[in-house]
Amino acid sequence: MSTFFAKNCLFLTGPTASGKTALAVALARKIGAEILSLDSMAVYRGMDIGTAKPTTTERAAVPHHLVDVVEPNEDFSVAEYLELARRTAEEVLSRGKTPLFVGGTPLYMKALLRGIFDGPPADPALRAQLLAEAEHAMTRGDIDFLHRRLAESDPATAARLHPNDTKRLVRALEVFLLTGRPISAFQTQFSEPHEETATVWTLDWPREELHRRINARVDAMFAAGLVTEVETLTAKYGTLSFTARQAVGYREVIAMLESRETDTPISLAETVEEVKAHTRQLARRQCTWFRSLPECRSVTVEEFREIHGV
RNA sequence: GGCCAGGUAGCUCAGUAGGUAGAGCAACGGACUGAAAAUCCGUGUGUCGGCGGUUCGACCCCGCCCCUGGCCA
């Protein structure tokens, strides 16, 4: 999948609650750019409060893309995102506007910058079968069944993955079983030499301050009706899709609501604290990505404003 | 004021015939190619409430004091 278009795009990222959205709108207005959301959870319709989507005012001020593109009971993936993003960016460019990617999903960003391999999509039935086999092996005390099995067909990938890394082991086996070729033969995009064609402006905060912002924002989300939003979504869709229900804020509230049917109900206060902790952990993992990507250029909000005159 | 229980990591708590202590959660670092706000790996960060005493050695035993909760006045 070509990522040629990325060199004509702008990128603004940073950990959750770092203030990306407001800056992006200001910059887009100034230079006449259109915003493409770079966010794995803002794609779901109706999941508004917990994903901190841009407000209607912000969306009216600047065209926003890649927000509300799938139903929350549908699955989504990085490959689908990349395809949508490529198409949308090319449309924006063809109108003579600049695509401005804004968001905090580093894997999606890396896929935009380097591409991902063109392989078979997820096969839920096959995954379920592999997991069932692994679970059965576990009952015999065989704790690294998947890892040994992968080592037979793809020793290179097996050597790279930890025996407990079930998700990646399953994916690697899935690709081998569906194509007859090891996933290591496909996954070359990230290690190939590449031109650093894009600058990724990366908002940086002292960790302690970022934690204060995260805690305050989570409180604000609950005050704005996050619990009601989840109740409305589950009433409308039943259960959310596997990918949508993983979103921080949603999975904890879902667990709280489900626990009311049990004899160990989870309190609202506990739920709020869990959401805060999980959001802080998300921010830390995002920062790990930014440190590892050479395209990322760390700036404070003030520096970004000064550099771009916004 | 008296009696009882307790005071150990940021939080909740465990623990030691007396040999300077460990779990969960949090925190911190790393990995990451079709689940990625997911998942996985790694790291203990501590005047063991305070001051004295006994002891080669005290978080543990003794005394006094401080704090918290409960019961009785």
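A, B, ... follow the sequence lines: proteins, then strands. Residue 1 opens every chain.
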Inset, instruction - Figure out the CG/C1' separation between A:Leu107 and B:G34, and round it to whole Å. - result: 9 Å
Legend entry - Atom pair distance, as rounded to whole Å: CZ in A:Arg291 and C1' in B:A31: 12 Å
Legend entry - P atoms of B:U16 and B:G53, separation to the nearest Å: 27 Å
Inset, instruction - Would you classify A:Gly50 as touching base, sugar-phosphate or nothing, given that sugar-phosphate means primed atoms plus P, OP1 and OP2, and contacts are heavy atoms under 4.0 Å? - result: base
Inset, instruction - Considering only atom P, compute the distance from B:C13 to B:G6 and round it to an integer number of Å. - result: 13 Å
Short N/O separations, protein against nucleotides 40-42 of chain B, under 3.5 angstrom:
residue : atom : partner  : partner atom : Å
B:C41   : OP1  : A:Asn164 : ND2          : 2.6

Inset, instruction - Please tell me if the side chains of A:Glu91 and A:Arg95 come closer than 4.5 Å, counting only heavy atoms from C-beta onward. - result: yes
Inset, instruction - Please report, rounded to the nearest Å, how far the P atom of B:A36 is from the CH2 atom of A:Trp289. - result: 12 Å
Inset, instruction - Name the nucleic acid region contacted by A:Tyr108, choosing base, sugar-phosphate or nothing; use a 4.0 angstrom heavy-atom cut-off, strictly under. - result: sugar-phosphate
Inset, instruction - Could you work out the separation of B:G18 and B:C62 based on their C1' atoms and round it to a whole Å? - result: 14 Å
Inset, instruction - Calculate the interatomic distance between A:Gln286 atom CD and B:U39 atom P; express it in whole Å. - result: 15 Å
Inset, instruction - Describe the nucleic acid contact of A:Asp75 in one word from base, sugar-phosphate, nothing, applying a heavy-atom distance below 4.0 Å. - result: nothing
Inset, instruction - Count the heavy atoms of every other residue, nucleotide or ligand shown that sit under 6.0 Å from CZ of A:Arg29, and state whether that count exceeds 12. - result: no
Produce the list of close N/O pairs, under 3.5 Å, pairing protein atoms with atoms of nucleotides 23-26 of chain B; give distances to one decimal.
residue : atom : partner  : partner atom : Å
B:A26   : OP1  : A:Gln281 : NE2          : 3.0
B:A26   : O3'  : A:Arg280 : NH2          : 3.2

Legend entry - A:Arg213 NZ/CZ over A:Trp205 ring centroid, <6.0 Å and within 45° of normal: yes
Inset, instruction - Please list, chain by chain and in numerical order, all residues satisfying side chain to side chain contact (heavy atoms under 4.5 Å, CB included) with A:Arg291, sequence neighbours excluded. - result: A:Arg207, A:Cys287, A:Thr288
Inset, instruction - Mind calculating the distance between CZ (A:Arg207) and P (B:U45) to the nearest angstrom? - result: 20 Å
Legend entry - Hydrophobic cluster membership, A:Leu107 vs A:Ile116, 4.5 Å side-chain cutoff: yes
Inset, instruction - Flag yes if more than 12 heavy atoms outside A:Glu306 fall under 6.0 Å of its CD atom; otherwise flag no. - result: no
Legend entry - Sugar-phosphate, base or nothing in reach of A:Arg171, heavy atoms under 4.0 Å: base
Inset, instruction - Starting at atom CZ of A:Arg245, determine the distance to atom P of B:A36, rounded to an integer number of angstrom. - result: 14 Å
Legend entry - Other residues, nucleotides, ligands: >12 heavy atoms within 6.0 Å of A:Glu135 CD: no
Legend entry - Span that lies between the C1' atom of B:G49 and that of B:U68, in whole angstrom: 11 Å
Inset, instruction - Pick the P atom in B:U20 and in B:G1, then give their distance to the nearest Å. - result: 40 Å
Legend entry - ILVMFWY clustering at 4.5 Å (side-chain atoms), partners of A:Ile143: A:Met138
Inset, instruction - Would you please confirm or rule out a distance under 4.0 Å between OP1 or OP2 of B:U33 and any side-chain N or O of A:Arg114? - result: no
Inset, instruction - Could you tell me whether A:Phe76 contacts a base, only the sugar-phosphate backbone, or nothing, with contacts defined as non-hydrogen atoms closer than 4.0 Å? - result: sugar-phosphate
Legend entry - Integer-rounded Å distance: B:A38 P and A:Phe242 CZ: 12 Å
Inset, instruction - Kindly indicate whether the side chain of A:Arg59, heavy atoms from C-beta on, has any atom under 4.5 Å from the side chain of A:Thr56. - result: no
Inset, instruction - Taking atom C1' in both B:G44 and B:C65, compute the distance separating them and give it to the nearest angstrom. - result: 32 Å
Inset, instruction - Report the relative orientation of the aromatic rings in A:Phe186 and A:Phe117; use parallel for angles under 30°, tilted for 30 to 60°, perpendicular for over 60°. - result: tilted
Legend entry - Nearest-Å distance once atom C1' is located in both B:G52 and B:U45: 30 Å
Legend entry - Whole-Å P distance, B:C72 and B:U39: 50 Å
Legend entry - Proximity to the side chain of A:Thr288 - top-ranked nucleotide from B:A38, B:G30, B:G34: B:G30
Inset, instruction - Can you tell me which stems involve RNA chain B, if a stem is defined as three or more consecutive Watson-Crick or G-U wobble pairs, both distances under 3.5 Å? - result: B:1-7 with B:66-72, B:10-13 with B:22-25, B:27-31 with B:39-43, B:49-53 with B:61-65
Legend entry - Residues forming a side chain to side chain contact (heavy atoms under 4.5 Å, CB included) with A:Arg251, sequence neighbours excluded: A:Val248, A:His278
Inset, instruction - State, with a plain yes or no, whether a side-chain heavy atom of A:Glu229 is found less than 4.5 Å away from one of A:Leu233. - result: yes
Inset, instruction - Could you tell me whether A:Glu133 and A:Arg149 have a side-chain N and a carboxylate O separated by less than 4.0 Å? - result: yes
Inset, instruction - Using atom CG of A:Leu126 as one end and atom P of B:A35 as the other, report the distance to the nearest whole Å. - result: 12 Å
